[in-house]
Amino acid sequence: MADTESSPTPESFLKRSPLYRALRSRGARFMETEGGAVADSFGNGDESENLAVREMAICDLSPLPRHGFKGKGALEWLRKQGVAIGNEDNRAYTQPGGSLVARLAPTEALILGNLSSENALSAQLEGDWSIDTAPDCYAVPRNSANFWFLITGLHAPNMFAKLCGIDLRLHKFPVNAIAQTSVARSVAIIIRADLGAVPAFHLLGDSASALYMLDCLEDAMGEFGGKPVGISAVRRAMKS
Amino acid sequence: MKIMLCPLNGPRNISEFVCRGDVVDRPDPTACSDEAWADYVFMQDNVAGIVREWWYHVATAYWFIAERNTVTDEIVRTYPASEIFHPPVDHGTDSGGRS
Amino acid sequence: MVGPNRLPSLPDDWLDRECIIPFSFEGKGYQGFAGDTIASALAANGVWVLSRSFKYHRPRGVLTMAGEDTNALVQLDGEPNVPADRRLIEPGLRIQGQNCIGSLKRDWASLLGYFGRFLPPGFYYKAFFKPRGAFAFWEPIIRRMAGLGQIDLHAPHDYHDKAYGFSDVAVVGGGPAGMAAALEAAKAGAEVILIEDGRQLGGSLNFGRYGTDRAAAVNLRHELVATVEASPNITVFTDAVCQALFADNWLPVIQGNRLHKIRTTSVIIATGALEQHIIFRNNDLPGIMMGSAAQRLIHLYGVRPGKRAVIATTNSSGYGVCLDLIENGVEVVAIIDLRDDPPDCPLSSTARAKNIRVISGHTIVEAKARMGNRHVSSIAIARGQGPHQETDPVQRLDCDLVCMCGGYVPAAGLLRHAGADIAYDEETAAFVVTPLIDPIHAAGAVNGVSGLEALTADGRHAGWQAARDGGFEVDARPARPTTDPAGTRPVLLPVTPHPKGKDFVDYDEDLQACDIVNTVADGYTNVELLKRYSTVGMGPSQGRHSALPTVRLAAGALGCSLDDIGLTTARPPVGPITFAQLAGRQFEPVRRTAMHHRHLEKGATMMLAGPWLRPAFYGPEADKETCIREETIAVRNNVGIIDVSTLGGLEVRGSDAAEFMNRIYTFSYTKQLDGRGRYVLMTDETGAIVDDGIAARFHERHFYVTATTGAVDAVYRNMLWHNAQWQLDVDITNVTAAYCGINIAGPNARAVLSPLCEDVDLSVEAFPYMAATEGMVAGIPARILRVGFVGELGYELHAPANCGEALWDALLEAGRDHDIRPFGVEAQRVLRLEKGHIIIGQDTDGLTHPFEAGMGWAIGKKKKDFLGKRAIEIRKKRGTTRQLVGFTLTDGKELPPAEGHIVVRGPDIVGHVTSAASSHTLGKVVGLAYVAPDQQEPGTRLTIKAEGGRIIDAEVVALPFYDPENKRQEL
């Protein structure tokens, strides 16, 4: 478990999650990642967070990298960069390095960095793209436009049913399915990406509404005993 | 609540959409009469039967066309706007280009 | 035993007799068992009067025991209109009767009953509206007399929420047909939600007689419930009311404090049927109830409904009630069978074999009560029914219980929401629900089916259909039930009003048979008008019992068939709903900028701008004026920063980007240089101004365009819509949330910002007014625009929102030696007004075109087209009718007018004020107003009429008020 003394403060970085205060008030301890601070744990012991991940939990991944590309040449350019994208819209495609590429439309994709290690693909795409080198392909600043939560646990579909009109039950919304919809009346993207045997959903939405969404999620999670967990608990679940 | 079939996102609650009314031809603003322009911007045909309407899926910022029966409220067919609108052969509203 | 009317324990009742619960009613203490409803516990204690009626304040008691009537509505602490026959008792529950002046026992308003003939339908319309204004006098008196319970405005708030639900098949109604349907659909593999409004599955099997021995119903219930509970793909909702059947099979189901919004592929409505009452004088006395209510009291709650009963029936079910009564210690004085020649059936044969007296071809004409109408004590019967009915009684029978078995009406509300109709088929004496369109199905009693075998067969058939609709593989189609047991169906003859009235058709509204007849006589023959004029069916029970007798009375009065009259439209909700259930948990997104917490730390008073929270000014509300003044001084004389993150940001990229900009905005953008900004003004196709902002060109194929906070979503949507038709090679992306925005303004802005810029030269030569570039500011990548909304040297920084807080901190730190000061929206509004800059939506309305607003300069003259071009030309040609001008007040001590105050000339209103503020910098009040076109010259005198008729003298002045040569913003 991270030592409080040595854990970095989110304010020591230029890039900050819109929720760092809210998470800190819930007991978050932070660790450095990708030039920012991500909540590592909430100080209640690994077992408690492991259990929450399996049952009902929320993890703020906002400090982790993600990139969007849009335009009629977007998918073609990404494929040229070695990104594997299939032909189905609203479906996510896992990359060899662990990144997840979400095809949002025939003209748009969203790349979510790997949760467990350095993100070579993100850095490569960010470095290679420019308006001159990528014909009809335009970068979308998803890092700052969106918050990024991971919602995990068996109760996640029932929790989402209180906020969102899409049927996310596990047998109806398979792994890698995507719903671009309204969650608590705010525009959001939901991507199913289980952690091993644990059901999990990426939730991305308006970064300016992050605190509002956290309130809505925590309220909806209440009856399932849901709580915030750190990224370490998520990484442990990925390995098991 | 009704369900709208979005060509991109599949069946969704109709509250996820915004309707913008009938698909109509824009008269040539440089050639039409004042009356024709006023008719275009202010008047609706209010057809009883199947109409072609513009619909917008808010979450994906996606415009498409729905054919809807205004008598039964049945949504007959939905499809991307590119099915009936095509890129222009010649465009240019300015008197001269930059380069 | 708790209560003198309590029966010995029955194996399937709903009580826990180990648990005794104390409660009070009208201030007096009672005891009941856990599982008792308020009404059953009171009945067990011999308390039968639950409320007073709406109009005549007559005592009322148990009618249905199913929560379907108004008689049983009671008042709890903080909660009115609680159905006493559904709500369970709880320890310490305090219950009061409703609708009484004085007490439930002695309600002085019951004297109104004696004046009943002066209170005909339409009484309110006829009596209280003349002379003019009279209703204002009468209204509070009427409302006090007519209210339903008391609302407690201080009652604590409860938590209510909503949840979506999904199924392949939803079955509404957990009776024999509903359970059989659910099982059949589940057998085919469908996911089924079974919705039951009662406490447990079973429906009428819980209390109904069905056979000569009730054991058949009890055993069937056990078997069906056990199978349902063992089916993994059936989810059961009990105590859940499906309130409507909306388009595309969307069911709002209320269970406890949650509203479930269930979407299902197919629906089976198995909501059963509602027993009907019988029309006779004083048919509302406590002790007179539906036969099924007596059965519910006995079988569900172990309460003996009376000691000496008379049963009035139009069908075989009265004989079943008779058997239930005698088996539970109630003496049955007689069965009055309204049919002339009732057919034999197993139930009637069994009853006759027990020497029960059956009087056929007769009807009850009147009930009598002991003093005060508090309980029935006898009834009088007469020969005949309908047109042949005699009103002279032939016989009186003493009794303390009258069971009314007037037949059944399908509970078809949900089916009717979906467009079905109910018709009465006189030939078969059955109700038919028709037409039903797949995937909506009906099963059981609502479908006109009766008898255990037939109900379950009909359920299986519907379940099979529903599974098939959902695309599931199904076995051979189950057989539909064909015939019903003889004698179960009622024969419906017209009703004859009693000459002395009080023969209630509608208990909710105290409507008597003659009221319906009189309404028809007043000319309201259309059933919808009849309802609205007489108010029949408009009370809480929504015509469940009044609809059929109303139709029968109207048909009798008009000499036509029941179908000629028809039924009124059925609309949601099916049952009462509290506002809390509808309001539930409301989602109102609130957007916060990256610097939100910094503003709070500085003590800002926040305001809502659409969904955004913005600092209005930095300080408490009490210091508002001082704060705004000091913030404006800081910007004019020194340097200030404002959070403008809420400004919309749109990326327009592609080879047709400039062409797209040309078509959308009024200016020309083809020749705009990279690294320069240009004003943008958007008009719609009617020529009205809809938005403005700045377009910065960063590349031949890339414009970054700002939009106003409130309009950006609509502007974005609009751009996409137009390009869906134009199909230009351009991509449009809304990046509003991705960028924070900070405007640093004031003569010292450059001095503060320069040291933070590593790779941008901010000197006036290198970075003049309206320059735009991308560079690093305090280590953060930013777009830098040199703009001048407030009319001073200023820079707008747009940086990734996740760096917003760090950038804000860096600027405040860099400006510390200059006493930099954050300013809010209020100060910005004053500053821009001093410069005469308009705010779209405040200084413009839905009609303002650019020439009216003095913005003709923003229109590209040589362009062939842009969105509003044609309309602006037409409107200009037709002549402007108003002009937006700047004004100051002649009297320096006058308080400023407010937005919306009118500009008058003689008797005419010629315009209105759109903005006004007291400017510290200028030492006077300045504002913008629409005036007549001939008043636009500077120096013209204006008259403004403000609040309370205050007249303000003003003078038109040239814009801008401040720095007319625009030197300061170009420093």
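Each chain gets a letter, A, B and so on, in the order its sequence line appears, and its residues count up from 1.
Classification of A:R21 and C:E601 as a salt-bridged pair holds, one side-chain N sitting under 4.0 Å from a carboxylate O. Here C:R701 pairs with A:D132 in a salt bridge; the nearest charged N to carboxylate O distance falls below 4.0 Å. Ion pairing of C:E651 with A:K70 is absent here, as no side-chain N (NZ or NE/NH1/NH2) approaches a carboxylate O to less than 4.0 Å.
No part of C:L807 comes within reach of chain A, as not one of its non-hydrogen atoms sits under 4.5 angstrom from that chain. Both the backbone and the side chain of C:T733 come within contact range of chain A, each with at least one heavy atom under 4.5 Å from a heavy atom of that chain.
Side-chain contact check for A:C216 versus C:R585: some heavy-atom pair is nearer than 4.5 Å. Contact check for A:P18 versus C:N802: no side-chain heavy atoms found under the 4.5 Å cut-off. Side-chain contact between C:F587 and A:L163: present, with at least one pair of heavy atoms (C-beta onward) separated by less than 4.5 Å. Using a 4.5 Å heavy-atom threshold, the side chains of C:F166 and A:R169 count as touching. With a 4.5 Å cut-off on side-chain heavy atoms, C:Y159 and A:D219 count as touching. A heavy-atom distance below 4.5 Å is not found between the side chains of C:E805 and A:K15.
By number of non-hydrogen pairs under 4.5 angstrom with chain A, the leading residue of C:R263, C:R258, C:Q586 is C:R258.
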